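No experiment lies behind these values; they were computed from the predicted model shown.
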Amino acid sequence: MTSASMTYGRPARLTIPRGSLWFANGAAMLIEGLRRLDRWQLSLGKQEPRTAEDVLDWAARVEPTEPGFASDLRAAALRAMDGVGR
């Protein structure tokens, strides 16, 4: 038995159309921009209250939607303010 081999000629070079490269680069830039925007928006929400007055302001903002939580915040802030003078 003999083994037959086939040759297909020169290997074909794959050429990517220029428009698809531009589209891919544009899509990558858009995705990176959206990721940066998302990180920026998430960083805005990380502002934590630092003082008792900040906590009282926070309690006033959340009171219409979460009155129990606002009450707890207010109590903690007033307790902290009372402990400062001792």
Side-chain angles (χ1 to χ4, degrees):
M1 280 193 353
T2 62
S3 63
S5 65
M6 298 178 71
T7 58
Y8 295 103
R10 287 189 303 183
R13 291 190 176 150
L14 179 63
T15 58
I16 300 173
R18 191 178 324 170
S20 64
L21 288 175
W22 289 346
F23 177 76
N25 288 335
M29 288 174 49
L30 176 66
I31 290 170
E32 181 60 28
L34 290 173
R35 286 181 178 165
R36 286 183 182 185
L37 177 65
D38 186 42
R39 283 192 301 265
W40 174 71
Q41 286 180 334
L42 287 174
S43 70
L44 292 178
K46 291 184 179 180
Q47 297 172 352
E48 298 176 356
R50 300 283 182 201
T51 64
E53 289 79 17
D54 292 344
V55 175
L56 286 174
D57 292 339
W58 185 22
R61 286 193 310 267
V62 299
E63 186 156 20
T65 57
E66 301 178 54
F69 182 56
S71 171
D72 292 342
L73 287 174
R74 200 174 301 105
L78 293 175
R79 213 173 18 250
M81 291 170 77
D82 187 38
V84 172
R86 289 182 185 180

- For the residue pair P64 and A60, what are the closest heavy atoms and their distance?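 P64 and A60 have their closest heavy atoms at CD-O, 3.8 Å.
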- Might you point out which heavy atoms bring E63 and A70 nearest each other, and give the distance in Å? CA-CB, 3.7 Å
- Query: So does R74 pair up with E66, basic N to acidic O under 4.0 Å?
  - Reply: no
- Are W58 and D54 close enough that some pair of their side-chain heavy atoms sits under 4.5 Å apart?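 No, side chains not in contact.
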- Message: Using a 6.0 Å cut-off, check whether atom CZ of R39 has over 12 heavy atoms from anything other than its own residue.
- Response: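 Check passes, neighbour count above 12.
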- Just how far is it from atom CG of L30 to atom CG of N25, taken to the nearest 0.5 Å? 12.5 Å
- Can V55 be reached from V62 by stepping across I, L, V, M, F, W or Y side chains whose heavy atoms are under 4.5 Å apart?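 Looking at the clustering, V55 is in the same group as V62.
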